[in-house]
There are 2 protein chains.
Amino acid sequence: MSDGATGLIETEAGAGPRHGERRRGIDRVIVLLEALLRHRAPMRVGDIARMIGAPRSTTYEIVNSLLEAEMLENVGTEGYVYFGRAMHLFGWAYSHHNAHYRRIIETLDRMAAETGETVQLCGLRGNKYIVLDCRDSSGPFRISSDVGVEVPIPWTASGRLLLAHMSEEEVKDFIPPGDYKLPDGRVIAPAEFFSDVALARQQGFSETAALADRFTWCMAAPIRDGHGAINKTLCFVLPVDTPEARRSELLALLCERARALSLAGS
Amino acid sequence: MSDGATGLIETEAGAGPRHGERRRGIDRVIVLLEALLRHRAPMRVGDIARMIGAPRSTTYEIVNSLLEAEMLENVGTEGYVYFGRAMHLFGWAYSHHNAHYRRIIETLDRMAAETGETVQLCGLRGNKYIVLDCRDSSGPFRISSDVGVEVPIPWTASGRLLLAHMSEEEVKDFIPPGDYKLPDGRVIAPAEFFSDVALARQQGFSETAALADRFTWCMAAPIRDGHGAINKTLCFVLPVDTPEARRSELLALLCERARALSLAGS
DNA sequence: ACACATTGTCTGAAATATCAGACAATAACG
DNA sequence: CGTTATTGTCTGATATTTCAGACAATGTGT
């Protein structure tokens with residue numbers, strides 16, 4: 001896919017393709033890791049340098065440091081690098097540091113085992129939707145999606161729930177205009193999206209059929225934090241042709257489990 | 001490898017804590033993350049600074065950068081930080097980037113589901129043993145251990161397998177002398193350990209009873225890479241009083257699954 | 001109330017990490 | 001076989017980042 005390798009990943013305004021931009025090593029590391037995450041495949045040092053807009057010599061220096069720390073590792077025979085073991089360990093520590101997240105993961109496991117369907121834990125990252133964790137369907141035709149990849153919020157059922165605390169005006173300011181355009185070219189009318197959000201807030205769950213792609217039915221239920229806000233959602237990704245009876249059964253299960261995971265003060 | 005870069009810096013005659021050691025931001029980051037992993041709990045910035053031997057001002061600078069990148073995140077009300085969401089995403093990417101690791105994880109899941117016992121994936125990190133991933137027993141008395149924590153190799157069943165490619169001489173050089181001492185004070189005779197390693201190599205599995213602690217029976221089987229070398233092991237952690245019949249059944253399962261995961265070129 | 005420890009934020013100054021560019025050694029391509 | 005694009009490693013110079021220390025604002029204990 002044309003990943004639009006603009007070369008410059010500028011979080012801040014200004015700063016065009018200035019030649020003499022000297023940057024801090026730490027920032028290079030951060031940008032590098034995020035670029036690698038987006039790319040989702042091992043890369044060569046030269047490509048990394050181009051992608052993050054850093055000089056080759058610097059990139060080699062940094063990559064070697066990270067390799068030594070096992071935050072990156074060599075993969076394949078020729079110069080490719082990707083995330084290393086240390087990242088796995090750090091990530092594991094993150095997922096298990098608090099009891100709540102552990103409970104969520106156990107629920108994810110149990111639901112996947114019980115239903116055999118694809119289950120996901122979703123949340124926001126900035127103004128995008130991401131899958132935080134998932135258990136893929138065990139069936140022969142598995143619908144899977146990558147953890148950590150940023151997706152426009154309007155494409156997803158979870159997204160509608162995750163915006164439930166916002167007013168229509170806030171939502172309008174929050175979603176980049178281009179994000180209403182679906183991958184197949186259709187465009188969601190913002191007004192329709194706002195009412196979807198309102199509906200999701202009211203019913204306490206959200207469903208989408210064949211939205212971001214032709215073959216999936218998604219259903220999401222909110223996991224609320226201590227203040228009742230929705231930080232994360234639990235969701236099923238089903239084949240669109242799943243019978244209605246089965247769907248409503250799964251929806252009930254989803255809502256029940258999500259509620260059980262919510263911390264809402266009694 | 002052991003370039004003596006980190007850890008205790010006493011290269012010169014100067015005994016005191018060298019005051020003017022200026023270090024690179026990247027290296028600070030690496031040391032910081034590793035310290036956090038070892039500590040296994042959120043820390044305050046001041047404590048981090050002390051633990052990694054960095055000035056407070058520098059530590060604040062670095063921590064803030066990492067917070068912004070979500071590699072760390074604030075936890076609790078007052079100044080505690082721990083690993084952040086981005087780490088989870090990077091780690092997930094690591095675990096899923098290659099088909100082999102994915103298969104291993106699926107096996108882990110399946111074995112845990114089938115047996116209800118604690119299953120672990122283990123490996124080496126430097127000259128220590130670590131748990132790379134695990135599925136905890138679902139029973140009321142779960143025996144669990146933390147992923148990523150370094151443990152002396154002689155304490156473990158897996159460790160005996162993971163050294164199988166070494167000669168006795170190499171093993172002797174590899175294991176730090178203090179690592180033969182068990183947590184309860186007993187000391188494993190090196191000669192005994194060497195013969196354990198040889199036995200493990202010969203039978204293709206390894207077992208320990210009440211070694212690192214009084215109440216566990218561990219059994220490990222090797223996962224071999226394309227060259228037949230043992231990089232990782234699969235293992236069960238059982239209560240010591242597990243009946244012999246059950247144990248041998250589980251051992252058979254363990255060996256079978258580990259063999260299925262091995263890449264040994266036919 | 002006091003003394004004492006800690007946090008988070010700022011400074012200026014000095015040590016150095018980042019950078020551009022050159023280099024040989026392969027690889028890719030027509 | 002030349003031509004062109006890579007890769008990985010070095011170098012010296014300077015723009016930057018790390019660092020020590022000071023600061024006010026909170027805690028903590030007696």
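In the text below, chain A, chain B and the rest are named by the order of the sequence lines, each starting its count at 1.
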Tell me the interatomic distance from [X], atom [atom1], to [N], atom [atom2], rounded to whole angstroms.
X	N	atom1	atom2	answer
B:Asp47	C:dG8	CG	C1'	14 Å
A:Tyr80	D:dT6	OH	P	12 Å
A:Asp27	D:dT16	CG	P	13 Å
B:Tyr60	C:dT6	OH	P	12 Å
A:Arg23	C:dC19	CZ	P	9 Å
B:Ile26	C:dT16	CD1	P	16 Å
A:Met43	D:dT6	CE	P	14 Å
A:Glu61	D:dG12	CD	P	16 Å

Quiz item: Do the side chain of A:Arg103 and the main chain of A:Ala260 share a donor and acceptor less than 3.5 angstrom apart?
Solution: yes

Self-check item: Residue whose closest nucleotide on DNA chain C lies nearer the 5' end, B:Arg50 versus B:Asn64
Solution: B:Arg50

Exercise. Specify the residue among A:Arg56 and A:Arg24 whose closest nucleotide of DNA chain C lies further upstream toward the 5′ end.
Key: A:Arg24

Could you give the distance from [atom1] ([X]) to [atom2] ([Y]), rounded to the nearest 0.5 Å?
X	Y	atom1	atom2	result
A:Leu234	A:Asp133	CG	CG	11.0 Å
B:Asp27	A:Ile26	CG	CD1	10.0 Å
B:Arg259	B:Arg224	CZ	CZ	10.0 Å
A:Leu124	A:Glu150	CG	CD	10.5 Å
B:Phe83	A:Met87	CZ	CE	10.0 Å
B:Ile223	B:Leu121	CD1	CG	5.5 Å

Quiz prompt | No-H, no-angle donor-acceptor pair, A:Thr58 side chain to C:dA17 base, under 3.5 Å | solution = no

Quiz item: Do the side chain of A:Arg22 and the base of C:dA17 come within less than 3.5 angstrom through a donor-acceptor pair of N or O atoms?
Solution: yes

Of all the nucleotides listed ([options]), which has the minimum atom distance to the side chain of [X]?
X	options	value
B:Pro55	C:dC19, D:dC19, D:dG8	D:dC19
A:Arg28	C:dT18, C:dC19, D:dT7	C:dC19
A:Ser57	C:dT9, D:dC19, C:dA20	C:dA20

Quiz prompt | Closest-nucleotide 5' rank along DNA chain D - winner of B:Thr59 and A:Gly46 | solution = A:Gly46

Practice problem: Work out how much the helix from C:dA1-D:dT30 to C:dG30-D:dC1 bends between its end axes, five pairs an end, to the nearest 10 degrees. | Solution: 60°

